[in-house]
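Just follow the structure's listing: the first ligand is 1, and inside any ligand the first atom is 1. Not measured: the values here are computed from a predicted model.
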Amino acid sequence: MNLHWKNKPEKINSLSLSDKKIINELNIYSSHKIKNILIKSDNTVGISSLLNSKAMNKINDSGGIKLIYIDPPYFTEKSQLMKKTKEEIVAYEDIYNHSLEDYLNEIYIQIKLLHSLLSNDGSIYVHVDYRTSSYIRIILDEIFGYKNLRGYIIWNVDNGAKSKKFWSNQHNDILVYSKSDKFIFNSSSKLLKTKYSESSLKTHFRKKDSDGRTYRERKINSKSYKYYAEDGKLVGSVWNDIKSMEANSPLMKEYTTYPTQKPISLLSRIISASSQKGDFIMDTYCGSGTSLATATNLNRNWIGIDQSEKAIKITESRLNKNYYRIV
Ligand SMILES: C[S@@+](CC[C@H](N)C(=O)[O-])C[C@H]1O[C@@H](n2cnc3c(N)ncnc32)[C@H](O)[C@@H]1O
């Protein structure tokens, strides 16, 4: 079942959407030792140019792109302003002519191009909110196949309720799809663990080992397993333990003044779940560069794209110039 709207894009030709200058620069990158690339461009043009450049050979020789994370504008129909500035400085526009169709056109083309770029054993995470998640879910079903939905994550952003007139929205939706049946999921990563609740600790974790560590024992198929309280439990599809304030409070080290900046802990969980050290990850709406900085911390290679001058400047301030090329 597909979603239809007026002027839905039909054929997408990456060659006609690409830019010769960007292709030339990407061709130069392909013979360079450095793997990370930051592209300052409209993302449709950036990805199309990448697809038609020699850079793709270099990326594919390293195993291809295993993980795509995108956090596009949410169709707020507003200009998104930089924080903590005296005058109004626009970081990026999120208006789309006040037309949901225009917004979906961009997302549809983007996801189609990303699907062709992603490695066959790769995954995509699409971070949106209540305004558009239902539409984007159906677009992803069409392009990736509904059986390849691997997670529908509710991220509790943990802001106080703002409206007394109706229910305030306090969560974002992160839709996860794989390209095929084969995909990476590192369930044993510590970054996928969360604390047990007080009630669970009291009810189940009643034993202590000789080192004083609290644990519970469970029998599964007549085999006994030990679970230590300090290891935490594997998180499911509702993420309550990552606070948006980590990225949005001026008191926090990672705060950059870029609107809609996401926490490093959120990207750490996503990147460690769905890629391995040395893999390529990609973010075509990279904003302040959270995903790229996190990928660097976790020893992944990356490709980032954003068209906003402010975004690129802030992203650059978070990265070490010796480890990436800017196009
Ligand atoms: C929600 S923000 C991303 C925030 C980012 N995840 C972070 O942690 O800072 C969306 C970004 O998409 C960028 N953007 C919007 N449309 C774009 C387009 N067509 N091409 C490239 N970048 C685009 C905006 O400039 C903005 O930086």
Side-chain angles (χ1 to χ4, degrees), residues 9 12 17-19 22 37-50 67-83 89-97 99 102-114 117 124-129 131-133 136 155 157 172-174 242-249 252 254-271 281-297 302-319 326-327:
I12 296 155
L17 292 168
S18 58
D19 176 287
I22 299 181
I37 338 166
L38 181 59
I39 305 175
K40 185 187 174 307
S41 145
D42 168 81
N43 47 21
T44 302
V45 176
I47 304 169
S48 302
S49 309
L50 188 62
L67 169 64
I68 294 171
Y69 166 82
I70 55 167
D71 177 28
Y74 297 170
F75 193 52
T76 57
E77 300 181 69
K78 284 185 204 148
S79 300
Q80 292 293 336
L81 305 176
M82 296 297 291
K83 293 179 184 167
I89 300 176
V90 176
Y92 64 94
E93 297 294 356
D94 183 11
I95 299 175
Y96 296 90
N97 301 317
S99 154
D102 281 11
Y103 175 82
L104 293 180
N105 283 347
E106 175 180 315
I107 298 290
Y108 185 78
I109 295 173
Q110 186 66 202
I111 295 175
K112 274 265 191 196
L113 289 169
L114 289 174
L117 200 91
I124 185 168
Y125 285 62
V126 181
H127 187 150
V128 282
D129 79 3
R131 295 176 182 89
T132 60
S133 58
I136 294 180
W155 175 40
V157 297
N172 288 175
D173 307 70
I174 307 176
I242 295 173
K243 312 294 170 203
S244 66
M245 284 290 272
E246 290 170 28
N248 297 318
S249 158
M252 303 309 280
E254 66 190 77
Y255 173 78
T256 69
T257 72
Y258 200 74
T260 65
Q261 181 191 337
K262 300 301 179 297
I264 287 178
S265 53
L266 180 77
L267 270 301
S268 298
R269 180 170 284 168
I270 293 172
I271 293 173
I281 71 125
M282 184 172 200
D283 183 346
T284 56
Y285 292 90
C286 73
S288 67
T290 312
S291 58
L292 316 182
T294 311
T296 305
N297 294 344
W302 50 260
I303 302 156
I305 308 183
D306 206 290
Q307 64 186 4
S308 151
E309 196 87 47
K310 293 274 169 251
I312 295 293
K313 213 169 154 202
I314 289 190
T315 295
E316 291 209 86
S317 73
R318 299 176 85 184
L319 301 168
I326 179 140
V327 169

Side chain, backbone, both or neither: which part of [X] comes within less than 4.0 Å of ligand 1 when only heavy atoms are counted?
X	value
Tyr258	side chain
Tyr92	side chain
Ala91	neither
Ser291	neither
Glu106	side chain

Can you say whether the rings of Tyr69 and His127 are parallel (under 30°), tilted (30 to 60°) or perpendicular (over 60°)?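 Tyr69 vs His127 ring planes: perpendicular.
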Quick check on contacts: which atoms of ligand 1 are under 4.0 angstrom from a heavy atom of [X]?
X	value
Lys262	6 (N), 7 (C), 8 (O)
Gln261	7 (C), 8 (O), 9 (O)
Ser308	25 (O)
Thr290	7 (C), 8 (O), 9 (O)
Ser288	7 (C), 8 (O), 9 (O)
Thr260	1 (C), 2 (S), 4 (C), 7 (C)

Would you say Gly46 touches ligand 1, if touching means a heavy atom closer than 4.0 Å?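 It does not; every heavy atom stays at 4.0 Å or beyond.
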I'd like to know if Asp306 contacts ligand 1, where contact means a heavy-atom distance under 4.0 Å to any ligand atom.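 Within the 4.0 Å threshold, so yes.
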So do the side chains of [X] and [Y] get within less than 4.5 Å of each other, counting heavy atoms only?
X	Y	value
Ile314	Met82	yes
Val128	Pro72	yes
Ile68	Ile281	no
Trp155	Lys262	yes

Could you tell me whether some N/O pair between Tyr69 and ligand 1 is separated by less than 3.5 angstrom?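 The answer is no, given that Tyr69 and ligand 1 share no N or O pair closer than 3.5 Å.
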Hey, does Asp42 come in under 3.5 Å of ligand 1, counting only N/O atoms on both sides?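 Looking only at distances, the answer is yes, because the N/O contact criterion of under 3.5 Å is met.
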Report yes or no: does [X] contribute a side-chain atom to a donor-acceptor pair with the main-chain N or O of [Y] at less than 3.5 Å?
X	Y	answer
Asp306	Gly287	yes
Asp94	Thr76	yes
Gln80	Thr260	no
Thr294	Thr290	yes
Thr132	Tyr74	no

Under the side chain to side chain contact (heavy atoms under 4.5 Å, CB included) test against Leu114, which residue among Ile109, Thr284, Val126, Asn43 passes?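 Single pass found, and it is Thr284.
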Quick one: nearest non-hydrogen protein atom to [atom], plus distance?
atom	answer
atom 20 (N) of ligand 1	Asn43 N, 2.8 Å
atom 4 (C) of ligand 1	Asp71 OD2, 3.3 Å
atom 12 (O) of ligand 1	Tyr285 CD2, 3.2 Å

Nearest candidate to atom 16 (N) of ligand 1, where distance is taken over non-hydrogen atoms, out of Glu254, Arg318, Glu93, Gln307: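 It is Gln307 whose heavy atom sits nearest to atom 16 (N) of ligand 1.
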Just wondering, more than 12 heavy atoms not from Glu309 lying within 6.0 Å of its CD?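 Atom CD in Glu309 is not crowded, with 12 or fewer foreign heavy atoms closer than 6.0 Å.
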